[in-house]
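Below is one structure, written out as structure tokens; comments come after it.
Just so it is clear, the model here is predicted, and its values are computed rather than measured. Chain identifiers are assigned alphabetically (A, B, ...) following the order of the sequence lines, protein sequences preceding nucleic acid strands; residue numbering begins at 1 within each chain. What's counted below: heavy atoms across the whole structure, side chains too, no hydrogens, waters or symmetry copies.
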2 protein chains.
Amino acid sequence: MNYKSIIYLAIAFTTTIGFAQTNPIKVVEDFKPSSVNQQGKLYPQVNSEGRVRASISAPQANKVQLDLGGVKYDMVKDEKGVWTGESLPQDQGFHYYQLNIDGASVPDPGTVYFYGAGRLGSAIEIPATDQDFFAMKDVPHGLVSENIYFSKLTNSFRRCFVYTPANYNEDTKTRYPVLYLQHGSFEDETGWAVQGKANLILDNLIASKKATPMIVVMDNGYAYKPQNNADLDKKVRPESVFEEVVINEIIPMIDTKFRTIANRENRAIAGLSMGANQTMRIMMNHLETFSHYGGFSGTSNYPSTDAIDVNTFLDGKFKNGEALNKKITLFWLGLGTKEPSPFPGSVGAFRTMLEQQKIKYKYYESPGTAHEWLTWRRCLNQFVSHLFK
Amino acid sequence: MNYKSIIYLAIAFTTTIGFAQTNPIKVVEDFKPSSVNQQGKLYPQVNSEGRVRASISAPQANKVQLDLGGVKYDMVKDEKGVWTGESLPQDQGFHYYQLNIDGASVPDPGTVYFYGAGRLGSAIEIPATDQDFFAMKDVPHGLVSENIYFSKLTNSFRRCFVYTPANYNEDTKTRYPVLYLQHGSFEDETGWAVQGKANLILDNLIASKKATPMIVVMDNGYAYKPQNNADLDKKVRPESVFEEVVINEIIPMIDTKFRTIANRENRAIAGLSMGANQTMRIMMNHLETFSHYGGFSGTSNYPSTDAIDVNTFLDGKFKNGEALNKKITLFWLGLGTKEPSPFPGSVGAFRTMLEQQKIKYKYYESPGTAHEWLTWRRCLNQFVSHLFK
């Protein structure tokens, strides 16, 4: 079982409930360097069972552990002072982890680093049986552009990454629909184009004509109203203005800077986990702006698993199912089959409400994955193939 | 003295000649979190003397050191198991470093990570007196776009980052000159737009009308001819084809994908350290392709400090100074005043040759900096203001 889903609850890396464990079981000796290692680094490695083998030189250390999926695996020192150890088999996909060296929790110097779980740190990729859909292939590739802007609403510099499909720059006449795509909690605007592989997923779908060429905008879901000194002194909780930033700053900027088709029919919004929750609210508050919605591993009733009162939920925005069916082109939900509580219950209660309201929606389950990036890569792959058609 | 320059010799992080040292001197207690820390991380910190204070929790560790500039500073454990320690004052600018925990050399979990010295790892930014020129300001910002391509010459996927100036996307009529800008040894295509701050330097120069709006292409200087199994068995050294990749793959791709002015008058090439050496060769072999050259902390006679024989050096490419003065619009060299051997001698021998050949060139010295990124940010800032005018 995978405990990484508690990342959503913000406690994973602060109060990890992991336990020490040694692993006397015989492992299959077909380990290969992980695909997300730094160039030339032999460790960490992954075998055909999905076990992770980490290795680090720490000659004077007393205790070194591989800390992966909420479990701390003791590593063993050889005569040269190199510590090595293996995890239990892991789910397919992408998992954050770290090393613990005499109580210090540090990134593994062998891997590339990813922003997630509230920190830049190591991760491992357990090869997925369906990894072809996000593989780097010799197809036309779009660009991923870092776009820096000053936000008046937050009084800060912010940035988004903007995917433009192959041929965007060569053919300067064509205009494109836009998907606004959000990360989850304790992640940032880098997530979708780095560990999410959104650009490669879009490149492959567009090259095989399974998706309409589109622009994808990936911004940061944390956006707060500036606080004055009195607020700071009183430790007033900052007020999120992400919805206002999306509607009043990001969309006008994107429609100015990029060749968009700037109408609701050609605008979608989607997100994962916290981002699914946020973007559902934005969608329902702005049906004049968006026509397509995608919620990956999250809904706005999170974390409740109770039956939804349609009169009060999101100010009654789901009361008139018939009107919503006329207005919304696509309402799409996805979830991993191994997601932990409260996600199945929470998304389940939301689906029950949709069905009671006779609101049309599409639902996808990612087989064998938890609250992690392989679920979301698959969700994006499925969702995008339905957009703007 | 700063020993980091030996990075160029590829030995810095493999055979660091650092020595342990404790620091009984009173430090000025005005430390502030480094500007390149991860969001919300309090350590590492920098004080007004340029000292670095690192801190990490490692309750069971025997010995923790801050490893910065070739010196390992012992840190001290408090009653909570948190180790803290300070370095000697450092030069202004950007320095790579790591922590050593009981012999394990690891990234500091407090910082953002940068590719340099052959690894992704920690760095510290000592505020520069002239930091305004690379500061993030409320000026129009260009985009930095990740461009993935398949290289037939290397039989591999490669990528470059492409800076397009503000307004590039809005005004689809204007065409721009192009600067090809290369990193140094043990760095990669991310260096210039991340720690080099090339995009912010260009944004600021263009906003203040000190530079002509231009496209900047930052690719990876490591490019090798594919090897067959026999080569691999014999451990034949791979053959660099970077020059061919630049001329036959990158430039045609950029001229197709971006709105360039595709002629020699509007094409510059520059690089730092190894990149200065590489791009000088490419420039001199392809005067039909480039008209402007910039060499930052490097020349093609590296590592020699001997007088240059103009008849044999680069196949006699510098023999006819008069012809070069007619052909080359700008030949620009830059160096830090604190660069270690062999850089001053090597660049000095090269300048002597230029002067003997009566070849016009501009020369800039970065005050108080060694073979590091503040030297190269300053070089870029100076160089770019002379381009395409």
Side-chain angles (χ1 to χ4, degrees), chain A residues 38-41 56-64 81 83 98-109 111-113 115 118-121 136-139 141-150 157 159 161-162 164 167-170 172-173 188 193 199-200 203 222 256-259, chain B residues 38-41 56-64 81 83 98-109 111-113 115 118-121 136-139 141-150 157 159 161-162 164 167-170 172-173 188 193 199-200 203 222 256-259:
Chain A
Q38 292 183 39
Q39 207 187 356
K41 294 293 175 83
I56 188 167
S57 172
Q60 288 88 49
N62 304 306
K63 188 177 192 176
V64 180
W83 297 75
Q98 54 262 315
L99 300 178
N100 283 283
I101 303 172
D102 284 341
S105 185
V106 294
D108 184 335
T111 77
V112 168
Y113 305 119
Y115 193 78
R119 96 297 184 233
L120 263 173
M136 174 100 72
K137 296 182 193 175
D138 192 8
V139 298
H141 289 279
L143 299 177
V144 176
S145 302
E146 181 195 38
N147 178 65
I148 296 168
Y149 63 101
F150 184 77
F157 289 102
R159 69 173 177 178
F161 288 91
V162 181
T164 47
N167 212 40
Y168 178 91
N169 271 2
E170 291 91 321
T172 57
K173 297 273 183 271
D188 71 8
N199 55 329
L200 299 180
D203 288 341
Y222 295 100
T256 302
K257 262 197 184 175
F258 294 88
R259 295 194 316 279
Chain B
Q38 292 183 39
Q39 206 186 355
K41 295 292 175 83
I56 188 167
S57 173
Q60 287 90 49
N62 303 307
K63 188 176 193 175
V64 179
W83 296 75
Q98 54 261 314
L99 299 178
N100 283 283
I101 303 172
D102 285 343
S105 184
V106 294
D108 185 334
T111 78
V112 168
Y113 306 120
Y115 193 79
R119 95 298 183 235
L120 264 173
M136 174 100 70
K137 296 183 193 175
D138 193 8
V139 298
H141 290 279
L143 299 176
V144 176
S145 302
E146 180 196 36
N147 177 64
I148 297 167
Y149 62 100
F150 184 78
F157 288 102
R159 69 173 176 177
F161 288 91
V162 181
T164 47
N167 212 38
Y168 179 91
N169 271 2
E170 291 90 322
T172 57
K173 298 273 184 274
D188 70 9
N199 54 329
L200 299 180
D203 289 340
Y222 295 100
T256 303
K257 265 198 184 174
F258 293 88
R259 295 193 317 278

So which heavy atom on B:F157 is nearest to which on A:D138, and how close?
-> CZ-N, 3.5 Å
Of the backbone (N, CA, C, O) and the side chain (C-beta and beyond), which part of B:D203 lies under 4.5 Å from a heavy atom of chain A, both, or neither?
-> neither
Shortest non-hydrogen contact from B:I148 toward A:M136 = CG2-SD, 3.4 Å
Show the numbers, then the answer: is there a side-chain contact (heavy atoms from CB on, under 4.5 Å) between A:V106 and B:L99?
-> CA-CA 10 Å; A:V106 294; B:L99 299 178; over 6 Å; no
Region of B:V112 that comes under 4.5 Å of a non-hydrogen atom in chain A = both
Non-hydrogen atoms of B:K257 and A:L143 that approach each other most closely = NZ-CD2, 4.5 Å
Among A:F150, A:Y115, A:Y113, which residue forms the greatest number of heavy-atom pairs with chain B at distances under 4.5 Å?
-> A:Y113
Quick one: which of B:G40, B:A61, B:P109 has the most heavy-atom pairs under 4.5 Å with chain A, could you say?
-> B:A61
Within a strict 4.5 Å, meaning less than it, do heavy atoms of the A:D188 and B:Q39 side chains meet?
-> no
Roughly how far, to the nearest 0.5 Å, is the CG atom of A:N169 from the CG atom of B:N169?
-> 6.5 Å
Which one, A:N100, A:I101, A:V64, A:V162, leads in non-hydrogen pairs under 4.5 Å with chain B?
-> A:I101
Residue selection (most heavy-atom pairs with chain A, distance under 4.5 Å) from B:N167, B:T164, B:V144 = B:V144
All heavy atoms of B:R119 vs all of A:K41, minimum pair found to be CB-NZ, 4.4 Å
Between B:N62 and A:Q60 the two heavy atoms that sit nearest each other are ND2-O, 2.8 Å
B:A193, B:A104, B:G81, B:P59: which one forms the most heavy-atom pairs within less than 4.5 Å of chain A?
-> B:A104
Here the gap from B:D102 atom CG to A:W83 atom CH2, rounded to the nearest 0.5 Å, amounts to 9.5 Å
